[in-house]
Amino acid sequence: MQFATLTAGEVPGVPTLDELRGLKPLQQPEWPDQGVLEQVITELRTLPPLVFAGECDDLTTKIGAVARGEAFILQGGDCAETFAGVTAENIRAKLRVLLQMSVVLQYAASVPVVKIGRIAGQYAKPRSSGEETREGVTLPSYRGDAVNGFDFTPESRIPDPARLRGVYNAAAATLNLTRAFTTGGYADLHQVHAWNTDFVKSSPVGRRYEQLASEIERALAFMRACGATSDEFRTVDFYASHEALILEYEHALTRIDSRTEQPYDVSGHLLWVGERTRQLDGAHVEFLASLSNPLGVKIGPTTTPEYIRALIDKLNPKGIEGRLTFITRMGAGKIRSALPPLLEAVRDHGSPIAWVCDPMHGNTYETPNGYKTRNFDDVMDEVQGFFDAHEQVGTWPGGVHMELTGDDVTECLGGGEELVAEDLVNRYETACDPRLNRHQSLELAFLVAERLRGAQA
């Protein structure tokens, strides 16, 4: 597959970077050195694609099945990736928990699972405030490794456009290793027990997973005895997604596909626009509307039916199946009242939309000991509310979108381990928002599987 190399900064059918800047995009870094920024952008425009247009099209087709109620999306990964986190062990651990969750969903609920990571691009974060104050000292907020450093020092917090090169290199390394794992034997369904060897099998969720893994192993043995073998048991299709936040980076990685002559942002397969940057007349929506990638939009509790219909007309005017996914982030206390009117509006509009639940971002708060956290019960309740709303309207609950890690961190309260606020200090390792650990992620997968069985009835 070939892409045209465009060094002049103009991609046919895509607004120029100057045009996007003219729309005054929100949540953008204040780069101190424009000369260095332009050098980095010019270099990024010449680099090979991180993903291919054909892969993006394949994902669009799979999400189309989700929009028809024939498949389910599992999307998860770090809140904010870091350059230091690009190691074989970290990538393997994230992939492992997503594979375990997908096995639970696919086997227990008998539905195809579209596996998408928050991976290989989630290096920039929107912030509610541009500044952070500690002990009387005020510095620019940490906006992710794509922009500045996590350390609370004046030098670290200066936005550095050279970091965008680091994003590309880190994403390339992550994708290379992910592809090696998913096609080189690690994702083989015969490994379902091996994925659990270093897990705490004495935990209730560990024992439950082991029971399911044994059932899968017996089923595979039966198929082998019948002479039925398939490569589909040995490899998985795994896609990369991130929030398309830093427009200089995303625009520099936009290419024209030689097969179709259409523009694709080759920084990731699925790109989404966040709650803070989804203005209909804003730069981010304008940019995404010009792309051929599958797209996502985060939808909060203040969203109106009128807005959501206008958003569909802007981002998917041709009504392409799999083109557009709405990712709800309502909060456990609001989803049952806020979501049904939006489901009805989209249903009546007639456009094929996939609905995914982000039960994380609407349930964040700070503990008395100063840690940003989420309560696992709230996360579970929002997922339940998501399914309840779809059941009420008669639409398909198409997926879940979670911030999670394959490590045994202590960042979200509750779950089978019954983590409390005092436990947060033990392994609070996130660079931004709290993530579900491996135990909590699997617990959630079993809950979703149970609700999916009910949704299919």
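Just the heavy atoms: all of them, side chains too, but no hydrogens, waters or symmetry mates, feed the values below.
Applying the ring pair (Phe, Tyr, Trp, His ring centres under 6.0 Å) test to Y365 and every residue at least two apart in sequence or in another chain returns nothing. A search for salt bridge (Lys or Arg N to Asp or Glu O under 4.0 Å) contacts involving E321 returns R68, not counting sequence neighbours. The salt bridge (Lys or Arg N to Asp or Glu O under 4.0 Å) check on E382 picks up nothing, with sequence neighbours excluded.
Taking both residues in full, the closest heavy atoms of N148 and R157 are given as ND2-O, 3.2 Å, listed atom of the first, atom of the second, then distance. Taking each heavy atom of L424 and C412 in turn, the nearest pair found is CD2-N, 4.4 Å. Residues E418 and D423 come closest through the heavy atom pair O-OD2, 4.1 Å.
Aromatic ring orientation, Y186 versus F181: tilted (interplanar angle from 30° to 60°).
With F376 as the fixed residue, the side-chain contact (heavy atoms from CB on, under 4.5 Å) test singles out one of L413, D381, L436: L436. When each of T405, V104, L404 is paired with S441, the side-chain contact (heavy atoms from CB on, under 4.5 Å) condition holds for L404 and for no other. Of the options F326, W396, F387, F386, a ring-ring contact (aromatic ring centres under 6.0 Å, His included) to W355 is made by F326 and by none of the others.
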Q: Verify side chain to side chain donor-acceptor pair (under 3.5 Å) between Y142 and D151, making sure each step is shown before the conclusion.
A: CA-CA 8 Å; Y142 171 64; D151 293 340; over 6 Å; no
Q: Go through the steps to decide whether L270 and Q75 satisfy the test side-chain contact (heavy atoms from CB on, under 4.5 Å), and finish with yes or no.
A: CA-CA 11 Å; L270 182 145; Q75 186 175 10; 4.1 Å; yes
Q: Apply side-chain contact (heavy atoms from CB on, under 4.5 Å) to the pair D407 and R427, showing each step before the final yes or no.
A: CA-CA 10 Å; D407 299 321; R427 286 196 64 181; 3.9 Å; yes
Q: Determine, step by step, whether D78 and R118 satisfy the side-chain contact (heavy atoms from CB on, under 4.5 Å) criterion, reporting the C-alpha distance in whole Å, the side-chain angles of both residues, the deciding distance to 0.1 Å, and the verdict.
A: CA-CA 6 Å; D78 280 317; R118 286 176 59 110; over 6 Å; no
**Q.** Derivation and outcome, side-chain contact (heavy atoms from CB on, under 4.5 Å), residues L177 and I91
**A.** CA-CA 8 Å; L177 193 54; I91 295 168; 3.8 Å; yes
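Of the possible polar contacts, none joining the N90 side chain to the T87 backbone as a donor-acceptor pair under 3.5 Å is found.
For Y249 and Y123, the ring centers sit 6.0 Å or farther from each other. Taking the six-membered ring for Trp and the full ring otherwise, the centers of H242 and W272 sit at least 6.0 Å from each other.
The shortest distance between side-chain heavy atoms of R127 and S129 does not fall below 4.5 Å. Counting heavy atoms from C-beta on, the side chains of V285 and Q279 never come closer than 4.5 Å. E132 is not listed as a side-chain neighbour of L139, based on a closest heavy-atom distance of 4.5 Å or more.
Side chains of H284 and Q27: a donor-acceptor N/O pair is absent below 3.5 angstrom, by distance only. Using a 3.5 Å distance cut-off with no hydrogens or angles, the side chains of Q384 and R336 do not pair a donor with an acceptor. No donor-acceptor contact under 3.5 angstrom links the side chains of D58 and H269, judged on distance only.
Around CD of E306, the count of heavy atoms belonging to other residues, nucleotides or ligands within 6.0 Å exceeds 12.
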